[in-house]
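A quick write-up on the structure given underneath.
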Amino acid sequence: MAKRYFITTPIYYVNSYPHVGTTLTTVVADVCARYHRMLGQPVYFLTGTDENGLKVAEAAEKAGKTPKDHTDFLAEEFKKTFLAMNVSFDDFIRTTEPRHVEATQRFFKILQDNGYVYKGVYEGWYDVSSETFYKETDLVDGKSPDGNEVRWVSEENWFFKLSAFQDRLLEHIEANPTFLLPVSRKNEVVSFVKQGLRDMCITRANPGWGIPMPGDDTKVVYVWFDALINYLAATGWPEGDWQDIWPADVHWMAKEIFTRFHATLWPAMLMGIGVDLPRHVVAHEWFTFGDMKMSKSKGNIIEPLELAGDIAAKTGCKSEIAIDVVRYSLAAQLPYGGDTNYTRDEVDRLYNGDLANDLGNALNRTLAMAHKFVGGAIPDAEIEQEAKDAIQHARSEFDRYMDSFQINKSTESALGLIRFLNKYIDTRAPWALHKDSNPALPNVLRSMLACLRAAEGLIRPIMPTAADEMARQLGLPPTKLWSEIGSDTNLPAGATLATPEPIFPRLDPKKNAESKESKIQNPKSKMETQNPTSNTPPLSPQPSALSPQEITIDDFAKVQLRVARVVEAEPVEGADKLMKLQLVIGEEKRQIVAGIRLNYKPEELIGRQIVVVYNLKPRTMRGVESQGMVLAAVDENGGAILLSPEKEAPEGATVR
RNA sequence: GGCGGAGUAGCUCAGUUGGUUAGAGCAAACGGUUCAUACCCGUUAGGUCGUCGGUUCGAGUCCGACCUCCGCUACCA
């Protein structure tokens with residue numbers, strides 16, 4: 001069997017639901033997978049979930065579930081979301097599956113046999129209460145950063161000889177210029193590796209959740225180490241025909257897990273067991289949601305399926321089409337050079353501009369003309385050279401960008417063909433040709449239809465449902481193969497065109513503004529008409545940004561506020577905002593740490609009366625215990641403005 | 001404070017190895033068209049490419065310093 005084109009996404013950590021970011025990577029990988037299938041290549045598209053690691057166990061406990069139930073539930077949620085997003089994965093791997101556990105253990109064993117794993121002592125200051133190791137330099141006053149007691153522990157653990165691969169790694173990167181992409185990221189990796197790689201501790205004491213180390217089940221394999229192996233585990237390695245799938249053709253991911261893990265550790269691990277390296281490792285940048293442009297509290301939405309639902313509701317397009325719209329917005333905006341702001345407004349702009357006005361309308365007007373001028377069938381005529389050129393150009397551009405994984409630019413190339421078409425229609429003016437009974441008319445209409453047919457193929461990896469609908473309206477079966485795009489046989493003459501129907505109904509900004517308003521006002525007015533005289537509060541009052549949750553006087557009474565006098569003040573060493581205050585509250589002495597150094601110097605505090613929370617649970621900051629909290633207003637810089645009695649108050653007076 | 005990223009047209013962004021009048025889309029103004037989802041096409045306007053220095057015949061592009069913004073994080077119970 002021919003080697004499959006193997007595409008992966010990262011496996012997603014199952015501590016929350018999938019959001020726009022994880023969907024971005026997954027959808028982009030899906031576009032890639034669908035494209036390669038259309039090229040006629042056998043494809044293997046893998047995604048999955050990362051379920052080991054202590055944090056998962058902790059999250060499960062918090063949710064009152066066993067780790068198994070917890071991960072079963074969330075893995076299912078990821079799967080459901082991806083399927084709903086029309087992600088065509090061939091395999092969904094979970095790192096708790098036997099195939100992954102076995103592969104990890106074998107991998108470990110081979111590395112060990114090859115001499116790349118050695119036993120060492122992992123030493124450090126161990127904070128028992130938080131189960132974390134700290135370096136000497138992390139400690140504050142001999143305690144952990146959280147202020148807990150630490151003890152010197154040297155735990156025997158296993159290390160991976162990452163340092164041994166430094167040179168080979170650099171050679172490989174050098175010899176394969178497209179191994180790491182984009183280039184700016186590659187350079188980052190090179191300088192990272194040149195700084196020197198340190199061996200990595202790859203086991204941990206067994207917390208009862210994770211993959212036991214072969215031959216020593218008091219240890220588990222470090223979660224990052226096992227996670228990477230999923231890519232190989234899914235191929236069936238080392239059994240059977242795993243080499244039909246491996247090496248991976250492309251590992252897709254976001255930038256934060258690129259340099260240290262996928263571009264460094266993972267290749268070194270593979271070298272260590274003598275298995276080929278992936279062909280391409282690609283990192284995209286992030287979507288940001290700056291200015292809180294998209295957030296639930298603002299009534300905007302970032303959960304992909306909710307976003308799709310919202311688009312469908314707002315525009316009146318079919319819900320499956322709305323999924324495509326989200327996919328398009330992700331593909332079109334895939335960030336490369338830097339983070340991109342992903343906003344609801346931008347999604348609307350893409351919808352109206354690219355999809356409704358350009359693509360949808362081009363189909364609509366072409367079909368309408370075909371019905372009026374040439375009897376509603378694909379004419380048997382010549383495609384004009386201009387149109388042929390445009391189609392070839394769009395396709396080769398699409399391919400070129402796809403080769404370098406710039407999905408956003410490929411997407412633009414597809415739309416470029418539509419932009420050409422709209423200009424072409426204007427220039428050739430079929431309505432004028434029709435009026436003059438010009439013999440060129442069928443040629444022009446066939447050319448127009450050819451552009452649409454090609455566009456249907458080009459957008460298919462990105463918007464499979466919309467492509468199907470385009471094909472249906474063109475009266476043709478879906479384009480299956482990339483090679484059919486632009487071919488004459490893919491546009492059989494005589495096929496009956498369907499009645500045009502807007503795939504992407506235009507979003508009217510005016511209407512939208514109105515509906516937004518009514519949406520907000522509706523519930524209120526509804527309630528008033530239903531129950532005009534009653535003051536019954538809603539059943540479940542929800543805290544919101546506009547109306548902070550109310551508390552009762554009893555709640556407030558729990559907080560004891562007292563007037564205190566500052567007798568000493570000194571900066572906390574190693575901190576630049578913290579001030580250590582010695583206070584007298586009535587007869588009692590207290591020490592409080594406060595983040596007020598931005599606005600105050602020690603000498604201007606001494607002797608001053610301030611207000612403190614008297615019955616707050618003590619807490620240690622930077623190794624210094626704080627027995628309370630001072631009250632202060634927050635200025636525009638985030639600095640503190642202390643509250644003081646307006647005139648001298650009795651020592652230790654209560655405040656209410 | 002640390003780490004990471006970014007500062008190019010009103011907005012969202014492109015700008016390959018430094019090379020003539022710095023681009024696209026949206027928004028705006030004007031004009032055209034009528035097949036179409038009040039759409040499409042064309043024209044115009046709008047930028048001292050964050051600031052200041054440096055290298056160079058020549059810098060948005062390279063170097064240095066600084067300023068601003070964002071994300072994560074740390075010490076604002």
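Here is the naming used below: chain letters follow the sequence lines, and residue numbers restart at 1 for every chain. Computed from a predicted structure; not experimentally measured.
- Comparing U37(B), C35(B), G5(B) against the side chain of K255(A) picks out G5(B) as the nearest.
- For the pair K409(A) and G15(B), the criterion of a side-chain N or O lying under 4.0 Å from OP1 or OP2 is met.
- Listed nucleotides: U12(B), C35(B), U37(B). Nearest to the side chain of R349(A): U12(B).
- In this structure A22(B) sits in no base pair that meets the Watson-Crick or G-U test at under 3.5 Å.
- Distance R365(A) CZ to A38(B) P: 12 Å, rounded to the nearest Å.
- Distances shorter than 4.0 Å separate none of the side-chain N or O atoms of N352(A) from OP1 or OP2 on C26(B).
- Residue-level contact check: D358(A) touches the backbone only, with heavy atoms under 4.0 Å from sugar-phosphate atoms and none from bases.
- A salt bridge does not link K318(A) to D324(A): none of the charged nitrogens lies less than 4.0 Å from a carboxylate oxygen.
- Residue N364(A) is classed as a base contact, given a heavy-atom separation below 4.0 Å to a base.
- The CZ atom of R428(A) sits 19 Å away from the P atom of U33(B) (whole-angstrom rounding).
- Judged as a side-chain contact (heavy atoms from CB on, under 4.5 Å), and not counting sequence neighbours, the contacts of T25(A) are P10(A), Y12(A), W252(A), H284(A).
- Rounded to whole Å, atom C1' of A36(B) lies 9 Å from atom CD1 of I425(A).
- Checking U37(B), C35(B), C41(B) against every side-chain atom of M369(A), the shortest atom distance belongs to C35(B).
- We find that NZ of K580(A) is positioned 16 Å from P of A77(B), with the value rounded to whole Å.
- Among the heavy atoms of the strands, none lies under 4.0 Å from P430(A).
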>> E501(A) vs R472(A), test: salt bridge (Lys or Arg N to Asp or Glu O under 4.0 Å). Steps then yes/no.
In response: CA-CA 11 Å; E501(A) 233 177 281; R472(A) 188 191 68 76; 3.5 Å; yes

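- Using a 4.0 Å cut-off between a side-chain N of Lys or Arg and a carboxylate O of Asp or Glu, K580(A) and E568(A) do not qualify as a salt bridge.
- Side-chain atoms of Q385(A) and D389(A) include a donor-acceptor pair closer than 3.5 Å.
- Distance noted for atom C1' between C49(B) and A22(B): 8 Å (whole Å).
- A gap of 14 Å separates the P atoms of G23(B) and G47(B), to the nearest Å.
- The residue A368(A) sits close only to the backbone: its heavy atoms come under 4.0 Å of sugar-phosphate atoms, none of a base.
- Checking the phosphate oxygens (OP1, OP2) of A36(B), a side-chain nitrogen or oxygen of K372(A) falls inside 4.0 Å.
- For C69(B), the paired nucleotide is G5(B), the pair qualifying as Watson-Crick or G-U wobble because both relevant distances are below 3.5 Å.
- Around atom CD of Q609(A), more than 12 heavy atoms belonging to other residues, nucleotides or ligands sit under 6.0 Å away.
- Atom pair M448(A):CE and C41(B):P shows a separation of 13 Å (rounding to whole Å applied).
- Ring centroid separation for the pair W224(A) and F261(A) comes in under the 6.0 Å cut-off.
- For R506(A), whose side chain is taken as the heavy atoms from C-beta onward, the closest listed nucleotide among C35(B), A77(B), U37(B) is U37(B).
- Following rounding to the nearest Å, M579(A) (CE) and C76(B) (P) show an atom-to-atom distance of 15 Å.
- Between Y351(A) atom OH and A27(B) atom C1' there is a gap of 20 Å when expressed in whole angstrom units.
- When the P atom is compared between C52(B) and C41(B), the two are found 40 Å apart, to the nearest whole Å.
- Salt bridge absent: E397(A) and R395(A) never bring a charged side-chain N and a carboxylate O closer than 4.0 Å.
- When rounded to the nearest whole Å, the span between CZ of R419(A) and P of A36(B) equals 23 Å.
- Residues from residues 465-473 of chain A with heavy atoms under 4.0 angstrom of RNA chain B: there are none.
- Here the separation of A6(B) from G60(B), taken at their C1' atoms, is 15 Å to the nearest Å.
- Going from the C1' atom of U33(B) to that of U20(B) covers 37 Å, rounded to whole Å.
- Residues D354(A) and R349(A) are not paired through a salt bridge, judged by the lack of any N-O separation under 4.0 Å between the basic side chain and the carboxylate.
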